Asks: 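Please see the structure below; I have some questions.
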Amino acid sequence: MSTEGQVCYTFEAAIEKAVEMEREGFRNYLGAIRKVKDKHAIGILKEAALDELQHKHMLEKALVEGFVEGEEGMAKPVPTMNLYYVLRVEELQADAGVREALAYAIHLEKGAIDFYQKMAQGCAGAPMAELFDHLLNDETRHLQALEDLYEKHFLDEM
């Protein structure tokens with residue numbers, strides 16, 4: 001399977017692909033939590049990991065039910081500052097602090113946004129498109145929250 005271009009899958013294949021993406025995001029956060037020592041950085045990473053689990057659960061429920069029911073997602077994506085353009089993508093080290101944890105999380109959330117944009121576009125009109133739109137909008141909310149934290153604590157230094 002590929003997410004290149006505008007491709008839509010069967011309901012199950014699309015949902016399974018999204019579950020795998022959320023699982024991978026959770027594993028990335030979990031690996032970072034186990035590596036980093038700074039308690040504030042760990043708090044940021046834990047919150048992001050729990051968001052990934054919530055999305056994964058929502059997707060798995062859709063797999064069990066065979067449909068997406070009653071998603072009351074945000075109507076549209078939240079505008080973001082696109083800080084991923086200026087922040088380097090780096091693997092977190094044990095001595096990473098809040099700045100590095102936020103940059104790491106911002107890049108992971110951007111990856112999720114890209115994924116859900118492709119899935120929502122590829123599945124436009126299909127039963128799961130609304131779920132992907134909801135998850136896309138939720139991921140933009142996560143990204144905005146991370147960028148707001150980064151701005152509050154570090155942008156005056158740039």
Side-chain angles (χ1 to χ4, degrees), residues 1-9 13-60 71 73-124 128-129 131-158:
M1 283 190 286
S2 170
T3 57
E4 299 300 319
Q6 292 189 357
V7 175
C8 188
Y9 307 94
I15 299 295
E16 289 280 2
K17 191 153 188 65
V19 166
E20 182 57 34
M21 195 280 302
E22 294 292 346
R23 181 179 301 118
E24 185 178 315
F26 173 76
R27 287 286 168 196
N28 286 331
Y29 283 121
L30 186 60
I33 289 166
R34 291 177 175 160
K35 190 182 292 184
V36 171
K37 305 295 182 215
D38 183 284
K39 69 178 184 180
H40 299 294
I42 290 171
I44 289 166
L45 296 166
K46 278 184 178 178
E47 188 173 326
L50 293 175
D51 286 340
E52 302 301 323
L53 283 180
Q54 185 178 18
H55 287 167
K56 183 175 160 283
H57 175 74
M58 181 186 309
L59 291 160
E60 289 174 333
E71 285 304 317
M74 300 168 56
K76 58 185 177 180
V78 175
T80 64
M81 291 182 272
N82 300 327
L83 287 180
Y84 49 86
Y85 279 121
V86 295
L87 300 173
R88 293 188 326 189
V89 180
E90 293 182 1
E91 187 172 327
L92 289 178
Q93 303 300 316
D95 63 347
V98 170
R99 178 192 298 259
E100 292 82 12
L102 283 169
Y104 182 80
I106 285 169
H107 281 286
L108 285 181
E109 295 302 318
K110 173 59 176 144
I113 288 169
D114 291 345
F115 174 84
Y116 285 121
Q117 279 178 328
K118 288 178 185 173
M119 294 300 280
Q121 290 169 355
C123 297
M128 62 284 213
L131 176 63
F132 292 137
D133 282 333
H134 166 79
L135 292 167
L136 168 63
N137 296 341
D138 205 37
E139 294 291 357
T140 63
R141 184 183 56 78
H142 297 165
L143 179 58
Q144 183 191 50
L146 292 165
E147 288 182 338
D148 286 349
L149 271 175
Y150 195 94
E151 179 183 34
K152 180 179 176 184
H153 295 289
F154 303 112
L155 276 189
D156 60 339
E157 296 175 10
M158 294 180 92

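All of these numbers come straight from a predicted model, not from anything done at the bench.
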Asks: So does E20 have more than 12 non-hydrogen atoms from other groups sitting under 6.0 Å from CD?
Replies: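 Above 12, so yes.
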Asks: Do side-chain atoms of K35 reach the backbone of L92 as a donor and acceptor pair under 3.5 angstrom?
Replies: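 It does hold such a pair.
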Asks: Go through the structure and list residues passing side-chain contact (heavy atoms from CB on, under 4.5 Å) with H107, not counting sequence neighbours.
Replies: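 side-chain contact (heavy atoms from CB on, under 4.5 Å) list for H107, sorted by chain: Y84, L87, V89.
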Asks: Does H134 offer a backbone N or O that forms a donor-acceptor pair with the side chain of D138 under 3.5 Å?
Replies: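 Here the side-chain-to-backbone pair does not exist.
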Asks: What distance separates L155 CG from L149 CG, expressed to the nearest 0.5 Å?
Replies: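 Going from the CG atom of L155 to the CG atom of L149 covers 11.0 Å.
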Asks: What's the spacing between Q121 CD and D133 CG if we round to 0.5 Å?
Replies: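 One finds 9.5 Å between CD of Q121 and CG of D133.
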Asks: Would you check, one step at a time, whether the test side-chain contact (heavy atoms from CB on, under 4.5 Å) holds for L131 with M58?
Replies: CA-CA 9 Å; L131 176 63; M58 181 186 309; 3.5 Å; yes
Asks: Under a 4.5 Å cut-off applied to non-hydrogen side-chain atoms, are M81 and D148 in contact?
Replies: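 A side-chain contact under 4.5 Å exists here.
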Asks: Would K118 and D114 pass as an ion pair if we require N to O under 4.0 Å?
Replies: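 No, no charged N to carboxylate O under 4.0 Å.
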Asks: How long is the span from the CD atom in E52 to the CG atom in L108, to the nearest 0.5 Å?
Replies: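 If we round to the nearest 0.5 Å, E52:CD and L108:CG are 7.5 Å apart.
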Asks: When rounded to the nearest 0.5 angstrom, what is the spacing between CD in Q93 and OH in Y104?
Replies: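 Spacing of CD (Q93) from OH (Y104) equals 11.0 Å.
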Asks: Identify the heavy atoms of Y29 and A105 that sit nearest to each other, and give their distance.
Replies: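 Taking Y29 first and A105 second, the nearest heavy atoms are OH-O, 3.4 Å.
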Asks: Could you please spell out the steps behind the side-chain contact (heavy atoms from CB on, under 4.5 Å) verdict for R99 and Y150?
Replies: CA-CA 7 Å; R99 178 192 298 259; Y150 195 94; 3.4 Å; yes
Asks: Looking at CD of Q117 and CG of L135, how far apart are the two atoms once the value is rounded to the nearest 0.5 Å?
Replies: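 Rounded to the nearest 0.5 Å, the CD-CG separation comes out at 13.0 Å.
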Asks: Please check: side-chain N/O of E147 versus main-chain N/O of I106, any donor-acceptor pairing under 3.5 Å?
Replies: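 No: the side chain of E147 does not pair with the backbone of I106.
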Asks: Parallel, tilted or perpendicular: which one describes the rings of F115 and F132, with boundaries at 30° and 60°?
Replies: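 Correct class here is perpendicular.
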Asks: Go through H153 and V98 one step at a time and tell me if the side-chain contact (heavy atoms from CB on, under 4.5 Å) criterion holds.
Replies: CA-CA 9 Å; H153 295 289; V98 170; 5.5 Å; no
Asks: Name every donor-acceptor pair, under 3.5 Å, that has one atom in a side chain of residues 38-45 and the other anywhere in the protein, sequence neighbours excluded.
Replies:
residue: D38; atom: OD1; partner: H40; partner atom: N; Å: 2.9
residue: D38; atom: OD1; partner: A41; partner atom: N; Å: 2.8

Asks: Applying side-chain contact (heavy atoms from CB on, under 4.5 Å), run through F26 and K56 and close with a yes or a no.
Replies: CA-CA 9 Å; F26 173 76; K56 183 175 160 283; 5.9 Å; no
Asks: Is it true that E24 and R27 have a side-chain N and a carboxylate O under 4.0 angstrom from each other?
Replies: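 No, no charged N to carboxylate O under 4.0 Å.
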Asks: E139 side chain to A112 main-chain N or O, any donor-acceptor pair under 3.5 Å?
Replies: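 Between the backbone of A112 and the side chain of E139 there is no qualifying donor-acceptor contact (under 3.5 Å).
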